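Atoms within each ligand, like the ligands themselves, are counted from 1 in listed order. Note that the coordinates shown come from a computational prediction; the quantities given were computed from them, not determined experimentally.
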Amino acid sequence: MSDPIENILVTGGAGYIGSHVVRDLGEQGYNPIVFDNLSTGNRDFVLYGDFIKGDLEDIYSITKIIKKYKIKSVIHFAAFIAVEESVNKPIKYYNNNFFNSLNLIKSCVENGVENFVFSSTAAVYGIPEELPVKENSQLNPVNPYGRSKMFTELLLKDISCINKNFNYIALRYFNVAGADKKLRIGQKYENPTHLITLALRTALGEYESLKIFGTDYNTPDGTAIRDYIHIDDLSNAHILCLDHLKKKKNNEVFNCGYGKGYSVSEVVNTVKKVTKINIKTVNSKRREGDPPILIADSNLIKDKLGWRPKHNDLELIINSAWEWEKKLKKKENK
Ligand code: UDP
């Protein structure tokens with residue numbers, strides 16, 4: 001008899017990154033159980049498995065699901081992600097990103113979950129002492145978003161020390177963009193804050209201009225530098241993490257980026273090149289909470305998990321996001 005299909009609990013699985021991982025889980029033969037409050041997610045982005053609308057505040061529901069589906073593995077995305085908003089609304093961020101994670105992790109440990117993949121962020125580093133930044137670099141987040149993620153990482157570390165059956169991997173994402181090749185899923189926020197999305201929507205005429213947040217950073221062109229990664233490479237990293245946890249049963253922290261940085265100006269120029277539209281930009285003051293440069297050293301995930309990114313090309317990433325944005329726009333106009 002073949003093994004029964006394994007259920008994987010995915011919190012925030014209707015969101016941008018979560019929905020791509022759910023797609024990959026489904027394609028790999030897993031049964032994703034998506035738990036999402038739809039605050040920023042989309043029900044129709046869940047391409048595989050079961051969907052349950054719910055909030056992580058509700059520990060009772062989460063526990064019921066873990067028991068009902070005999071969950072052994074969890075991938076935890078559900079979180080708020082906007083750096084500037086976190087500066088202005090710290091309680092919102094600590095509450096959802098930390099306190100609700102604690103609720104979930106507590107229930108996991110008490111109900112026999114063994115493998116936990118956590119979506120963390122490069123924001124835990126703050127202003128890195130070395131670039132590209134390595135996983136063992138000092139954690140010194142400069143905004144509540146980064147701190148809320150760092151505290152959850154520390155919690156996972158402490159809990160896994162005393163619960164030998166509970167193992168975790170924290171994946172520290174750098175800047176994710178792009179969409180599913182078949183354009184079924186992609187970034188869809190009512191109020192987007194990410195650079196590539198805003199630049200493309202400016203190209204589509206949704207905004208008159210794009211603000212450049214800070215032109216006085218200590219970088220070659222004065223604008224902030226980030227490591228942009230295609231969603232499909234990031235999604236694949238989650239599958240590798242899950243497989244690794246199931247086989248090796250050890251705790252890990254991995255960066256996930258390409259190791260090459262692009263400035264805001266370089267991104268804007270690439271957006272102009274890909275879209276063939278000359279978007280208007282307005283130089284503005286720095287955005288609160290933004291570090292000047294974040295670039296990943298991702299050798300660890302390559303060495304330990306054999307992660308091999310396939311879309312390491314800014315033009316390709318922006319083109320993928322552009323196709324998606326055009327599709328969204330077309331749908332809206334129908
Ligand atoms: N940025 C910008 N204009 C925008 C949005 C973002 O200049 O309209 C800058 C932002 O200050 C940062 C970089 O682009 O330096 C990437 O920001 P994003 O919000 O995409 O990702 P983050 O690095 O904050 O996670």
Side-chain angles (χ1 to χ4, degrees), residues 15-17 40 77 79-89 93 97 119-128 131-133 141-150 171-179 186-204 206-231 234 255-258 260-272 275 279-296 314 317-318 320-322 324-325:
Y16 170 49
I17 302 173
T40 57
F77 295 99
F80 295 131
I81 55 160
V83 166
E84 193 176 35
E85 185 188 42
S86 80
V87 174
N88 297 317
K89 298 182 180 167
Y93 277 71
N97 294 6
S119 74
S120 189
T121 169
V124 296
Y125 295 114
I127 300 169
L131 284 164
V133 62
V142 292
N143 52 60
Y145 167 63
R147 283 190 278 273
S148 68
K149 291 284 185 176
M150 180 187 74
L171 261 185
R172 293 180 181 155
Y173 310 158
F174 285 65
N175 290 60
V176 196
Q187 239 183 65
K188 191 179 172 196
Y189 299 123
E190 251 170 53
N191 299 305
T193 60
H194 289 313
L195 176 64
I196 291 178
T197 307
L198 288 172
L200 293 173
R201 291 195 183 178
T202 309
L204 284 171
E206 276 179 49
Y207 306 107
E208 212 176 283
S209 60
L210 175 80
K211 284 186 181 159
I212 309 285
F213 293 134
T215 51
D216 58 349
Y217 284 108
N218 188 14
T219 58
D221 65 23
T223 64
I225 293 177
R226 295 288 183 275
D227 184 341
Y228 294 88
I229 166 174
H230 192 280
I231 182 70
L234 182 68
N255 283 339
C256 208
Y258 292 150
K260 183 161 168 44
Y262 292 92
S263 71
V264 173
S265 292
E266 286 173 315
V267 170
V268 170
N269 287 336
T270 313
V271 165
K272 288 181 186 170
T275 62
I279 58 173
K280 187 178 160 200
T281 57
V282 175
N283 290 347
S284 309
K285 65 178 177 44
R286 293 181 183 193
R287 197 173 61 175
E288 249 192 282
D290 272 352
I293 309 180
L294 282 171
I295 302 171
L314 185 64
I317 297 172
I318 291 178
S320 160
W322 178 230
W324 168 254
E325 289 300 332

Please enumerate all residues that pass side chain to side chain contact (heavy atoms under 4.5 Å, CB included) together with [X], with sequence neighbours excluded.
X      : value
Asn175 : Arg226, Tyr228
Lys211 : Phe213, Ser284
Ser86  : Tyr93, Asn143, Pro144, Tyr145

Taking all atoms of both residues into account, what is the closest heavy-atom pair of Ile196 and Val267, and its distance?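 The pair with the smallest heavy-atom distance is CG1-CG1, 3.8 Å.
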
Is it true that the side chains of Asp221 and Ser263 contain a donor and an acceptor less than 3.5 Å apart?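 Indeed, the side chains of Asp221 and Ser263 share at least one donor-acceptor pair under 3.5 Å.
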
Are any protein N/O atoms closer than 3.5 Å to the N/O atoms of ligand 1? If there are, list each pair with names and the distance to one decimal place.
unit_1: ligand 1; atom_1: 3 (N); unit_2: Lys211; atom_2: O; d: 2.7
unit_1: ligand 1; atom_1: 7 (O); unit_2: Lys211; atom_2: O; d: 3.4
unit_1: ligand 1; atom_1: 7 (O); unit_2: Phe213; atom_2: N; d: 2.9
unit_1: ligand 1; atom_1: 11 (O); unit_2: Asp290; atom_2: OD2; d: 2.5
unit_1: ligand 1; atom_1: 17 (O); unit_2: Arg287; atom_2: NH2; d: 3.4
unit_1: ligand 1; atom_1: 19 (O); unit_2: Thr193; atom_2: O; d: 3.3
unit_1: ligand 1; atom_1: 19 (O); unit_2: His194; atom_2: ND1; d: 3.4
unit_1: ligand 1; atom_1: 19 (O); unit_2: Arg287; atom_2: NH1; d: 3.2
unit_1: ligand 1; atom_1: 19 (O); unit_2: Arg287; atom_2: NH2; d: 3.0
unit_1: ligand 1; atom_1: 20 (O); unit_2: His194; atom_2: ND1; d: 3.3
unit_1: ligand 1; atom_1: 20 (O); unit_2: Leu195; atom_2: N; d: 2.8
unit_1: ligand 1; atom_1: 21 (O); unit_2: Asn175; atom_2: ND2; d: 3.0
unit_1: ligand 1; atom_1: 23 (O); unit_2: Asn175; atom_2: ND2; d: 2.9
unit_1: ligand 1; atom_1: 23 (O); unit_2: Arg226; atom_2: NE; d: 2.7
unit_1: ligand 1; atom_1: 24 (O); unit_2: Arg287; atom_2: NH2; d: 2.8

One pair to check against side chain to side chain contact (heavy atoms under 4.5 Å, CB included): Ile231 and Ile17. What are the steps and the verdict? CA-CA 7 Å; Ile231 182 70; Ile17 302 173; 3.9 Å; yes

